[in-house]
S.K.: 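One structure follows; several queries about it will come next.
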Amino acid sequence: MPRLAMNIRTRFAPSPTGFLHIGGARTALFSWAFARRHGGSFILRIEDTDVARSTPEAVQAILDGMQWLGLAHDEGPFYQMQRMARYKEVIAGMLEAGTAYHCHTSREELDALRAEQEARKEKPRYDGRWRPEPGKALPAAPAGVPPVVRFRNPLDGVVAWDDLVKGRIEFANAELDDFVIARADGTPTYNFCVVVDDHDMKITHVIRGDDHVNNTPRQINLLRALGAPVPEYAHLSMILGDDGQKLSKRHGAVSVMQYDDEGYLPEAVLNYLARLGWSHGDDEVFGMEQFVQWFDLDHITASAAQFNTEKLNWLNAHYLKQADPRRLAAEAGRRLARQGVTLGDGPDASRVAALYRDRVGNLNELADAMHPYFSPPKPSAELAAQHLTEPALKGLAALKARFEHCAWLAAELGQAVKQTAAEAGLKMPQLAIPLRVALLGLPQSPSIDAVLEVMGRERVLSRLDRVLGA
RNA sequence: GUCCCUAUCGUCUAGAGGCCUAGGACAAUACCCUUUCACGGUAUGAACCGGGGUUCGAAUCCCCGUGGGGACGCCA
């Protein structure tokens with residue numbers, strides 16, 4: 001494969017106008033995996049030429065999101081605003097070579113032009129009125145209107161490329177207009193910077209969102225005008241929200257960091273994203289190491305995919321079940337601390353976490369489940385009335401006596417509960433549930449013997465005292 | 001409006017002309033396990049957008065239609 005011989009270089013190039021959302025995260029994941037898969041380099045580039053909308057907070061949010069996901073870049077982050085000198089140099093060269101020209105059309109004129117074209121049901125585009133042609137008389141440049149620089153796009157022929165996910169795509173040059181590459185204030189625009197950067201950074205594979213398909217022919221023409229090689233392109237279709245609607249800042253698009261807040265494990269989010277629009281036969285559950293070995297651009301779906309929170313939840317639960325209890329205890333501890341609960345003088349948090357990791361769907365639920373172990377429970381009046389009845393309390397008293405000198409091991413403790421129930425003429429649930437309410441303030445819990453063992457004799461006895469009124 | 005992309009169970013998808021009476025996963029339903037609640041296990045229902053071609057044969061190729069999406073900025 002020639003692909004193995006060349007040094008694969010991919011990039012993720014977000015604009016810092018908001019948080020890193022799920023669609024961006026998947027684009028980053030695929031670019032990262034492709035570079036990793038081929039032993040290449042993954043570059044992070046911040047496209048901040050829109051000075052009005054870019055913010056340092058957004059840059060940080062993107063960096064945080066990438067870090068949380070564990071998508072490390074090999075080069076960068078590069079900031080376009082720091083590459084101004086280079087862009088201006090290229091623009092000057094193009095002006096010199098005649099592949100770009102000054103255009104003095106005002107915004108008002110452009111608006112009028114667009115309105116006319118729309119009225120005629122045509123595709124709105126610049127009409128080339130300032131485009132120099134042999135034998136064409138250009139109007140006199142109006143004074144006081146700083147010109148923009150436009151790219152001189154070929155008039156006819158077609159631009160085509162073999163998109164690595166969508167197959168061959170062709171555009172007639174007649175559909176394209178002479179787009180602005182530098183604003184009146186001299187700052188370069190997106191389509192221009194991308195081309196210069198991708199070229200300078202020797203990007204071999206441009207993996208990006210579907211919404212850039214229409215920019216690609218312009219960028220290819222620009223690349224040709226610059227005498228630069230054209231990279232491979234892979235356009236990823238978009239991700240729709242859970243409701244099938246497209247994601248936008250005001251509808252459904254959430255920061256990847258929100259998944260952290262909601263108790264998702266990064267490996268679950270990553271695994272979910274990997275399977276959203278890409279597949280490896282029937283494989284569903286796999287870690288990043290495996291993903292990198294399998295990943296290719298041939299098995300990416302060309303159509304849009306709908307986000308499915310339920311499947312993400314299932315993967316999250318799956319990863320929770322096999323996560324290291326110490327890590328889970330730390331994560332739950334972080335969350336409990338926010339509620340003012342410390343793990344300090346409670347039972348072994350790792351053991352508690354181990355008791356619950358296969359019963360909860362996310363870290364917040366885990367924290368909730370662990371909560372009663374670390375702060376005294378307060379059974380509601382309803383629960384008390386329902387379960388802490390006269391016969392149940394008698395049973396609990398008997399149980400307490402037994403617990404005082406019973407060996408503190410799950411098997412023994414389970415036996416103790418069974419025997420006490422039998423002696424008190426109670427069925428197992430008739431004693432086990434009141435016991436749960438007494439210890440945890442809840443009628444449900446993991447196996448009662450395991451709960452007892454983890455909680456420890458002292459804590460069990462004192463909690464029993466509380467309900468027995470001793 | 002113009003251009004571009006796209007179309008398999010509710011959802012994510014397998015499928016690259018015969019292996020498909022279309023497979024897997026999530027979700028759903030039922031049952032089992034069980035000291036509670038979960039977990040887990042087993043089973044069931046559920047799809048090739050429509051119409052034309054091409055071919056001995058089409059979910060797979062082509063065309064048209066329809067649905068969905070994207071783009072049409074001195075945003076990225």
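Sequence lines set the chain letters: A, B, ... in the order given, protein chains first and strands last, and positions in each chain run from 1. Small disclaimer: the values here were computed from a predicted structure and weren't measured.
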S.K.: Taking atom P in both B:G52 and B:C32, what distance in whole Å separates the two?
M.R.: 50 Å

S.K.: Can you tell me the pairing partner of B:U34 across any strand shown, Watson-Crick or G-U wobble, with both distances under 3.5 angstrom?
M.R.: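 The base-pairing partner of B:U34, which may sit in any strand shown, does not exist here.
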
S.K.: When you match A:Phe171 and A:Ala182 each to their closest nucleotide on RNA chain B, which lands nearer the 5' end?
M.R.: A:Phe171

S.K.: When you measure from the side chain of A:Asp282, which nucleotide among B:C39, B:G23, B:A76 comes out closest?
M.R.: B:G23

S.K.: Please state whether the phosphate of B:U13, meaning OP1 or OP2, lies under 4.0 angstrom from any side-chain nitrogen or oxygen of A:Lys311.
M.R.: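 False: A:Lys311 side-chain N/O out of range (4.0 Å or more) of B:U13 OP1/OP2.
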
S.K.: Rounded to the Å, how far apart are A:Leu440 CG and B:A38 P?
M.R.: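 Value for this atom pair: 16 Å.
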
S.K.: To the nearest Å, how far apart are A:Arg208 CZ and B:G70 C1'?
M.R.: 13 Å

S.K.: Can you check the distance between B:A59 and B:A76, where both ends of the measurement are the C1' atom (answer in whole Å)?
M.R.: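 Approximately 38 Å lies between the C1' atom of B:A59 and that of B:A76.
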
S.K.: Watson-Crick or G-U wobble partner for B:C26, using a 3.5 Å limit on both distances?
M.R.: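 Checking every strand shown, B:C26 finds its partner in B:G10, with both distances under 3.5 Å.
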
S.K.: Check the surroundings of atom NE2 in A:His102: do more than 12 heavy atoms from other residues, nucleotides or ligands lie under 6.0 Å from it?
M.R.: no

S.K.: Less than 3.5 Å between a donor and an acceptor, one on the side chain of A:Asn214 and one on the base of B:G70, is that the case here?
M.R.: yes

S.K.: Please check if the side chain of A:Arg463 supplies one atom and the backbone of A:Leu439 the other of a donor-acceptor pair under 3.5 Å.
M.R.: yes

S.K.: Among B:C5, B:C12, B:A76, find the nucleotide with the atom closest to the side chain of A:Gln306.
M.R.: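 Looking only at heavy atoms from C-beta outward on A:Gln306, the closest nucleotide is B:C12.
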
S.K.: Starting at CD1 of A:Ile91 and ending at C1' of B:C74, how long is that distance when rounded to a whole Å?
M.R.: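 A:Ile91 atom CD1 is separated from B:C74 atom C1' by 12 Å.
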
S.K.: Does a side-chain N or O of A:Arg53 approach OP1 or OP2 of B:A76 to a distance below 4.0 Å, or not?
M.R.: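 So the side-chain polar atoms of A:Arg53 never come under 4.0 Å of the phosphate oxygens OP1 or OP2 of B:A76.
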
S.K.: Choosing from B:U6, B:U11, B:U36, which nucleotide comes nearest the side chain of A:Gln444?
M.R.: B:U36

S.K.: Compare side-chain N and O positions of A:Ser279 against OP1 and OP2 of B:A14 and report whether any pair is under 4.0 Å apart.
M.R.: yes

S.K.: Check every atom of B:G73, B:C12, B:C74 against the side chain of A:Ala305 and return the nucleotide holding the closest atom.
M.R.: B:C12

S.K.: Whole Å only: how far is the CG atom of A:Asp283 from the P atom of B:G15?
M.R.: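 Spelled out: CG on A:Asp283 to P on B:G15 is 12 Å.
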
S.K.: Ignoring the backbone of A:Arg275, work out which of B:G10, B:U6, B:G24 is nearest its side chain.
M.R.: B:G24

S.K.: Check every strand shown and say whether A:Glu284 touches a base, only sugar-phosphate, or nothing at a heavy-atom separation below 4.0 Å.
M.R.: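 Base, at least one base heavy atom under 4.0 Å.
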
S.K.: What distance, rounded to whole Å, do you find between the two C1' atoms, one in B:G24 and one in B:C9?
M.R.: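 After rounding to an integer number of Å, I get 12 Å for this pair.
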
S.K.: Run the side-chain donor-acceptor check on residues 304-311 of chain A: report pairs under 3.5 Å with partners two or more places apart or on a different chain.
M.R.:
{"unit_1": "A:Gln306", "atom_1": "NE2", "unit_2": "A:Asp242", "atom_2": "O", "d": "2.9"}
{"unit_1": "A:Thr309", "atom_1": "OG1", "unit_2": "A:Asp242", "atom_2": "OD2", "d": "2.3"}
{"unit_1": "A:Lys311", "atom_1": "NZ", "unit_2": "A:Glu284", "atom_2": "OE1", "d": "3.0"}

S.K.: Is a side-chain donor or acceptor of A:Arg357 paired with a backbone partner of A:Lys321 at a separation under 3.5 angstrom?
M.R.: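 It does hold such a pair.
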
S.K.: For A:Gly277, report the nucleic acid contact type (base, sugar-phosphate, nothing); a contact means any heavy atom under 4.0 Å.
M.R.: sugar-phosphate

S.K.: Provide the distance between the two C1' atoms, one in B:A14 and one in B:A22, to the nearest whole Å.
M.R.: 10 Å

S.K.: Test for a donor-acceptor pair under 3.5 Å between the base of B:U2 and the side chain of A:Arg120, counting only N and O atoms.
M.R.: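 Counting by modelled atom types and ignoring angles, no donor-acceptor contact under 3.5 Å is found here.
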
S.K.: In whole angstrom, what separates A:Arg357's CZ from B:A38's P?
M.R.: 20 Å

S.K.: Between B:C74 atom C1' and A:Asn191 atom CG, what is the distance in whole Å?
M.R.: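 To the nearest whole Å, that distance equals 13 Å.
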
S.K.: From C-beta outward on A:Asp358, which listed nucleotide comes closest to its side chain: B:C12, B:C39, B:A76?
M.R.: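 Out of B:C12, B:C39, B:A76, the nucleotide with an atom closest to A:Asp358's side chain is B:C39.
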
S.K.: What is the nucleic acid contact for A:Lys123, judged by heavy atoms within less than 4.0 Å: base, sugar-phosphate only, or nothing?
M.R.: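 If one applies the 4.0 Å heavy-atom cut-off, A:Lys123 turns out to touch a base.
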
S.K.: Could you work out the separation of B:C20 and B:G15 based on their P atoms and round it to a whole Å?
M.R.: 14 Å

S.K.: What integer number of Å spans the P atoms of B:G67 and B:A28?
M.R.: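 Approximately 33 Å lies between the P atom of B:G67 and that of B:A28.
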
S.K.: Sort out the partner of B:U2 for me: Watson-Crick or G-U wobble, both distances under 3.5 Å, none otherwise.
M.R.: B:A71

S.K.: Is the distance between the ring centroids of A:Tyr259 and A:Tyr272 under 6.0 Å?
M.R.: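 Not under 6.0 Å, so no.
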
S.K.: Any N or O donor-acceptor pair linking the side chain of A:Ser447 to the base of B:U36 at under 3.5 Å?
M.R.: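 Side chain to base: no pair below 3.5 Å.
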
S.K.: Between B:C9 atom P and A:Glu310 atom CD, what is the distance in whole Å?
M.R.: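 These atoms are roughly 17 Å apart.
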
S.K.: In this structure, how many angstroms lie between the P atom of B:A71 and the CG atom of A:Leu236, rounded?
M.R.: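 So the two atoms are 15 Å apart, to the nearest Å.
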
S.K.: Which one, B:G70, B:U2, B:G15, comes nearest to the side chain of A:Met238?
M.R.: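 The answer is B:G70, which lies nearest to the side chain.
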
S.K.: For the ring pair A:Phe295 and A:Trp278, is the centre-to-centre distance below 6.0 Å?
M.R.: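 Yes: the rings meet the under 6.0 Å criterion.
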
S.K.: From the list B:C74, B:C5, B:C12, which nucleotide is the closest neighbour of the side chain of A:Arg107?
M.R.: B:C74

S.K.: Among residues 409-418 of chain A, which ones have heavy-atom contacts with RNA chain B below 4.0 Å?
M.R.: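 Nothing qualifies; none.
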
S.K.: Given the C1' atoms of B:C33 and B:U42, what is the spacing between them in whole Å?
M.R.: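 The same atom, C1', in both gives a distance of 11 Å.
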
S.K.: Compute both the distance and the angle, then confirm whether A:Arg26 meets the cation-pi test with A:Phe30: under 6.0 Å from the six-membered ring centre, within 45 degrees of the axis.
M.R.: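 Yes, A:Arg26 lies over the aromatic ring of A:Phe30.
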
S.K.: Is a donor-acceptor pair below 3.5 Å formed from side chain A:Glu118 to base B:G1, judging by atom type as modelled?
M.R.: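 Per atom types, no contact qualifies.
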
S.K.: Give a yes or no answer on whether the side chain of A:Trp408 reaches the backbone of A:Leu452 with a donor-acceptor pair at less than 3.5 Å.
M.R.: yes

S.K.: Nearest to the side chain of A:Lys321 - B:C39, B:G73, B:U11?
M.R.: B:C39

S.K.: Would you indicate what A:Thr216 reaches in the nucleic acid, counting non-hydrogen atoms under 4.0 angstrom: base, sugar-phosphate, or nothing?
M.R.: nothing

S.K.: Do A:Arg218 and A:Phe151 meet the cation-pi criteria used here (NZ or CZ under 6.0 Å from the six-membered ring centre, within 45° of the axis)?
M.R.: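 Here A:Arg218 fails the 6.0 Å and 45° test against A:Phe151.
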
S.K.: Select one nucleotide: of B:U2, B:G24, B:C5, the one nearest the side-chain heavy atoms of A:Ile169.
M.R.: B:C5

S.K.: Between A:His280 and A:Asp449, which has a closest nucleotide on RNA chain B that is more 5'?
M.R.: A:His280

S.K.: For a salt bridge (Lys or Arg N to Asp or Glu O under 4.0 Å) check, start with the C-alpha distance between A:Glu47 and A:Arg208, then their side-chain angles and the critical distance, and finish with the verdict.
M.R.: CA-CA 13 Å; A:Glu47 310 220 322; A:Arg208 70 203 336 179; over 6 Å; no

S.K.: If we take the P atom in both B:G70 and B:G53, what is their distance in whole Å?
M.R.: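 Per the computed distance, 35 Å lies between those P atoms.
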
S.K.: I'd like to know if A:Asp211 reaches the base of B:A76 with its side chain, counting only an N/O donor and acceptor under 3.5 Å.
M.R.: no

S.K.: Does A:Gln80 offer a backbone N or O that forms a donor-acceptor pair with the side chain of A:Asp48 under 3.5 Å?
M.R.: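 Yes, the answer is positive, given that a donor and an acceptor are paired below the 3.5 Å cut-off.
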
S.K.: Side chains of A:Asn221 and A:Asn153 only: does a donor on one sit below 3.5 Å from an acceptor on the other?
M.R.: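 A donor-acceptor contact under 3.5 Å links the two side chains.
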
S.K.: Please name the nucleotide paired to B:U55 by Watson-Crick or G-U wobble geometry with both distances under 3.5 Å, or report none.
M.R.: none

S.K.: Using a cut-off of 4.0 Å on non-hydrogen atoms, how would the nucleic acid contact of A:Ala184 be classed: base, sugar-phosphate, or nothing?
M.R.: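 Result for A:Ala184 = base.
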
S.K.: At 4.0 Å (heavy atoms only), tell me whether A:Asp242 reaches a base, stays on the sugar-phosphate, or touches nothing.
M.R.: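 The answer is nothing, as A:Asp242 stays clear of every strand by at least 4.0 Å.
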
S.K.: Please determine whether a side-chain nitrogen or oxygen atom of A:Thr301 lies at a distance below 4.0 Å from atom OP1 or OP2 of B:U13.
M.R.: yes

